Amino acid sequence: QAKTYELAMITDIGDIDDKSFNQGTWEGLRDYAVEHKITHKYYKPTEASTDAYIAAIDLAVSSGAKVVVTPGFLFEEAIYIAQDKYPEIMFILLDGVPHDANYENFKTGPNVFPVVYAEEHCGYLAGYAAVVDGYRNLGYQGGMAVPAVCRYGFGYVQGANDAARDLGLAKGSIKIMYNYSGDFADTPASQTRAAGWYQAGTEVIFAAGGKVGNSVMSAAEAANKAVIGVDVDQSAESPTVISSAMKGLATMVQYGLKGFYAGKFPGGEAVTVGAESNAVSLAPFSTSKWKTFSQADYDALFAKLANGTIVPEKDLDRTNPTELKLDYVKLTFVE
Amino acid sequence: MDMLYLLLRQTMYFSIPLLIVALGGMFSERSGVTNIALEGIMVMGGFTGIYFINQMQSQMSGQWLLVLAIFIAMAGGLLLSLPHAYASVNLKADQVISGTALNMFAPAFVIYIARMIQPSGIANVSFKNTFFIHEVPVLCDIPVIGDILFKNTYITTFLGFFILIVSAIVLYKTRFGMRLRACGEHPHAADSVGINVYKMRYIGVMISGVLAGLGGLVLTVPISTEFKGAVNGYGFLALAVLIFGQWKPMRILWASLFFGFMQTISAAYSAIPFLLNLNIPSEFFKMTPYIATLIVLAFSSKSSKAPKAVGQPYDQGAR
Amino acid sequence: MDYIIEMLNIRKEFPGIVANDDITLRIKKTEIHALLGENGAGKSTLMSILFGLYKPEAGVIKLRGKEINISDPKTASHLGIGMVHQHFKLVEDFTVLENIILGAETVKNGFLKMDEAKKKVMELSNRYKLYIDPDAKVSNITVGMQQRVEILKMLYRENEILIFDEPTAVLTPQEIDELMDIMKELSKEGKSLIFITHKLEEIKKVADRVTVLRRGKCIGTYNVEDVTKESLSEMMVGRKVQFTVDKKDITPGETIFEVKNLSMKTKGSTKNTLNKISFKVRKNEIVCIAGIDGNGQSELVYALTGIRHFDEGQILVHGEDWTKKSIRYRNSHGMSHIPEDRHKYGLILEYSMAYNLILQTYFTDRFQKRGFLKNDSIHEYADGLIKKYDIRSGQGAQTVTRSMSGGNQQKVILAREIDKDPSIMIAVQPARGLDVGATEFIHKKLVEQRESGKAVLLISLELEEIMNLSDRILVIYEGELVGDLDPKKTTIQELGLYMAGAKRDEVKA
Amino acid sequence: MSNRNSMNQFFDRLSRKKGTGSFISSLVAIGIGLIIGLIILLISNPREAFAGFFTMLIGGFNDGTRSFGNVFYIATPIIMTGLAVGFAFKTGLFNIGASGQFIVGAYVAVLIGVKLPQLGGFQWVLGILAAMAIGTIWEAVPGLLKAYLNVHEVIASIMMNYIGMFMVNYLIKQTVLNVYTNRSLAVAPTANIPKMGLTAIFPGSSINGGFLIAILFVILMYIILEKTTFGYELKACGHNRFAAKYAGINENRSIILSMAISGMLAGVGGALHYLSGAGVYIEVVDVLAAQGFTGISVSLLGMSNPIGVFFAGIFIAWLQIGGFYMQRYSFVPEFIQIITAIIIYCSAASLLIRNYLELRQLKKDENLTADSDGDTADIVNVENQGGDK
Ligand SMILES: Nc1ncnc2c1ncn2[C@@H]1O[C@H](COP(=O)(O)OP(=O)(O)OP(=O)(O)O)[C@@H](O)[C@H]1O
Ligand SMILES: Nc1ncnc2c1ncn2[C@@H]1O[C@H](COP(=O)(O)OP(=O)(O)OP(=O)(O)O)[C@@H](O)[C@H]1O
Ligand SMILES: [Mg+2]
Ligand SMILES: [Mg+2]
């Protein structure tokens, strides 16, 4: 007879070590489970389809899962269906809200806790900090143009724009190269693109694309330039990483689990979490390499995001950043 | 001008691994064994080499570490090429079968192994790149060449050219090379003059294993800071370069440089103002290396021919 | 008795056939020992065993009285055994020189020393009058030169025991004579020779003793002086064989096949491969194109059969212009073609014999219906031909053609081409590699064609065949027709002069 | 006794049939591969090895009819790409470009599925037809290049893979992009291939009429290759292009047609997958479609024979489903890939096994003819020996 596992995670197309949704989620779940000695396991679906995700959820449930954590918007349809199929099972859906295939019906049952991150917040922090720190030539290297990746980028350019304005720089004095690589892989192409940018004058690249970041770091090492990491504190991966824009995947997973074991599962409604709930941040100053950007600058900026003084644009309909209002930034969108 | 030099240097990151792996494939195919397993072998070599660096980098760093890792990667590739040789030579199997099997096997295997042997069960093997050479003393002052080859480079680039020269000499100027080619053209003829076709084919495949394994490492070092069981189709591209290069060393060099340069342009166009201002979607830039290759092939393939016996299992008894 | 080689009680099986059944062969030192046998008798197999290519299931091989184990050709070579194979074993992409030294290279630290090797090869070449161009690629040289390369390969290795597997099948009369002289010379120098041939007069000419095989079994070994051609052939096939063909006297009828001013250019050369070739073949006529190999015969045949395009000229069949007709049209409107290279053009070796027998007729209503093959009809048809043409193989119509002996493969082609009942038959070396029985058979078939009112165009290198069969001889030399001779009024010597280009006439269609 | 005899005769006839030898040898290869797989399982986790192995073996039985249906669902596209690769193999060509054909086929099917709901019940049919057309064109390009310009089909197909992938990524962005997910939009319900009653047999699974369509193509390809003059021509070209020319077969036409048909099959695979109604969308990502490469494995395992490809596709899907359920134990899914690879590798040995079987058959035949009169004594003898041991 097979063992049972109380906490389950289903991976999306990525692996549990994708430096992104899957990894952050899994680490949060694992750490919580280990600490509280709860059986836990992750499952890989046979393919990236709604049916396959449901089959994986079925497998998890039949193997004893009480809480199923699903990272990524790819699970939106599957959870939409599964929440009714398994009313007694709790679902934590990161980065998405349950709906049907045509976005006609949205529903979040009491057993679903959907969390959407305000990546534009930490992207904003990164862009702002970079300009305050003296960088004028910036780059944004996204992976696939999925919503989270776009939000990071949007926040980043707006942060840079606002910092230039606040510093009293001339209009158009900040240059930003902006691109989605189209994959999440470390390839010679991504390394070359970054190397080209650095050669052409770019000083720092915010790399938000899983392993694409490794290629950017590699190019930065060769060119002696800087990188801003993503999702988790990536300072250990390369000396070129001056900071990272982080989102608390683990925090929210553990928040949900804590609630479940306390009998107060926070389901029924989607939450968007950003600075106000301390779910996003920059990497701590202890591991960062800012020259002039200070803890005080950071705290002040963070407070503004948290209390809603600053609300970065994050319109999901657009992957294209050129429609943002940017006076101080000369943006080159490499389509 | 600096941008041009950068592009040429970047070209090496595409071209050198393709060159090394395609040369490896050349030895295998020239001996008569199709090697579609290059992709899998690269993965294996990349993994062993990078894992070695990962383990040793606390004790040592720089060129010596890389040199050792090169040998380890070669050994890794060699190891994986053996089953291909066994199936192709001893079992007289369809040579595409074992190649396909190895391509499927290697990524899964190295991820599985990485999860087993790494403390946190993580499949990514990370490494610190301490191998970059900013300038090669003296040589970097040579005009043009110095800027292209001897600045911001890796020893693997020179290794690539070294392997090219050795390969061309071995293939055309040595007894071994002549016998190897005979086995790929007409194994029965080779056999009838006392050449051990099986042995030559084993060696051919093993060389391809060594070089493809090395290629996996050479590909990864300059472009990432970790390795996770994938070389993203480079093995198949090397196969394409091998065919593009018509199974001949010098042509393989030109093919890999051509393809590498086109790839570089398509990746770095956004840093080149006049290309950027064309306002062409990136997908079209990404397509150009492949379309250009097709066009060049269309004009240059009339006389192209593969080694005659490639892909055919050698059976002494057959007529 | 002082035997240098003894093969005792050798047995070798292939799937479905015992190729060598308890065969014993003893070779004396310095003798020329002929090995004779019909197609598929097991000659090549026996020699391949001696040369280490096959391992026998039973039997012992002794060299100078000592039992030896020849595990591979390398061992054979070390023991001084060399072999010229029936199907040449040359690397086409290599030069002549590279082919000769392959496997026995002169090297220094693993690097080739081609100059030394070349010197040695040229010495041998001059000494034995085996003229070659050391730097030519094998793919560009004539079959005759390839033969010489094969012989040089053996001599280069300084072998003591030389096996010649049908070396004369593709040579011109002059070349054959030269080869005979070389063989005698070699035996005088102390080498022992094994010589496989189907041509009995060659055996009479050079061999000291002869061993006859039949269907895998040894019939006996005889002194050549003691046997006649007739008795040999009887031993070989088990019945009497006729050497000359009875031909009725018929006056040729109307023209069936006509070629006008056919020319084919050579790539990168001003000289034409074929130059203004014109001739006619009439009803009830066998016209022979004679010539030394490499004078444009192959190209002419490719042009006539539609395999290769040519630049100028016209082909007429029954007055109809066929110049631009497809191969399919030619195949199905009365042209048959027995190709020179049976492996390259004649057969699909991976297909069964049955499928090869319908290679040009699979689309006819007899073998297909609405695009579907009628396998029953096909096999029935194949079985009929196999019987009619005595084609021998392991598994009948199902046999994979690759596994058949050369002679029987040739019979498959013959059966197919003759059975099409063509009005014009183009036969290139149809008896190449066939035993006397089979040769007699094919010759008879060609004459039958002629007598049933068909036209036959025969391209051959064998003068005897030419003189025997043809009603008219056209001589081709350097891509041009240089003689139109009547075999009854011509001698072999005269024909030889035309072929060598020493004599020429204006030839008009 | 007589019963046993007729049984023997039956098996004798069976083993003499052409395909049977290769079928048995494939089974042996699979057996060997599975045993090696079990050994690996035992090494990595002895406690759960047998349970896990069993789970893998029963594949489609793990979750009743549902997992069974899912085996067929997963098999459908890889049968199609397997057919594509196998068909080209049969004619001596290596179509390594099934990925490209698959994805362009998928794109046009999805495009029609999204944009033309007014077609109603005809929508999915048109989707498949369009995929056939574009797949045909896509691989006809390497075919043409090969036939007229002697470009090696492997390199041309590899290039076409990438061109197809980037082209589709671009076109999706222009036409049917779901900006929320960076994937293609959902197709209209009428664009999904009808279930054709299959969900009644396999409730809860993703199976749909696409599976039946794949079967249709399997049968069609089998007939074309084995029963028709067209197949005869194609195979002739594959084996010996010179002899084919000699026979009056238009070699260039055969190359182009063979590649085109191969491309068509892979294109249909793309349509069947993305019109399956299982909630799959084309992802805008710079990664080649995996089904194209799986197709190579499937076709090799099936020895390029359409029927063989069919069973090979199901077999690989079976393992995949088995592997999925193996996650009940502590086995990572990479295992399945490792084991499948080993089985494919072992199928390389099937030639050896087949030869062995044939040899045995021949020996048997010989014995029969050799001592057809006095064989009873022999048999007694053999049995005695057996008894002694
Ligand atoms: N058959 C041969 N024997 C000796 N040397 C050769 C041979 N073929 C090529 N070489 C030499 O080896 C080196 C590399 O050969 P390679 O064939 O790659 O060059 P290439 O320019 O592509 O030649 P090719 O004109 O044959 O296409 C060159 O210096 C070439 O001259
Ligand atoms: N490799 C092989 N596999 C299967 N059968 C073979 C093989 N080699 C030879 N045979 C069979 O063995 C028999 C003897 O063949 P072999 O080539 O020795 O004949 P041969 O006397 O040289 O005939 P020929 O005069 O036609 O060359 C033939 O029936 C042939 O079909
Ligand atoms: Mg060359
Ligand atoms: Mg013979």
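Chain letters run A, B, ... following the sequence lines, proteins first and then strands; every chain starts at 1. Note that the coordinates shown come from a computational prediction; the quantities given were computed from them, not determined experimentally.
The neighbour count for D/Phe311 CZ, taken as heavy atoms of other residues, nucleotides or ligands under 6.0 Å away, does not exceed 12. Within a 6.0 Å radius of CZ in A/Phe106, more than 12 heavy atoms belonging to other residues, nucleotides or ligands are found. At most 12 non-hydrogen atoms from other residues, nucleotides or ligands lie less than 6.0 angstrom from NZ of A/Lys66.
Taken from OG1 in A/Thr46 to CD1 in D/Ile74, the straight-line distance is 4.0 Å, to the nearest 0.5 Å. How far OG of A/Ser62 is from CZ of D/Arg328: 5.0 Å, rounded to the nearest 0.5 Å. Separating the NZ atom in D/Lys173 from the CG atom in A/Asn320 is a distance of 10.5 Å, to the nearest 0.5 Å. Atoms CG and CZ, on A/Leu59 and D/Phe324 in that order, are 4.5 Å from each other to the nearest 0.5 Å.
Of the atoms belonging to D/Asn178, it is side-chain heavy atoms, and not backbone ones, that fall under 4.5 Å from chain A. With a 4.5 angstrom heavy-atom cutoff, D/Val284 touches chain A only via backbone atoms. Using a 4.5 Å cut-off between heavy atoms, D/Ala278 touches chain A through backbone and side chain atoms alike.
If you look at D/Tyr180 and A/Tyr103, their ring centroids are closer than 6.0 Å.
Chain D forms the most heavy-atom pairs under 4.5 Å with one residue out of A/Lys44, A/Glu335, A/Lys41, and that residue is A/Lys44. Each of A/Thr187, A/Asp58, A/Thr50, A/Asp51 has some count of heavy-atom pairs under 4.5 Å with chain D, and the biggest count is that of A/Asp51.
Counting heavy atoms from C-beta on, the side chains of A/Met144 and D/Glu283 come closer than 4.5 Å.
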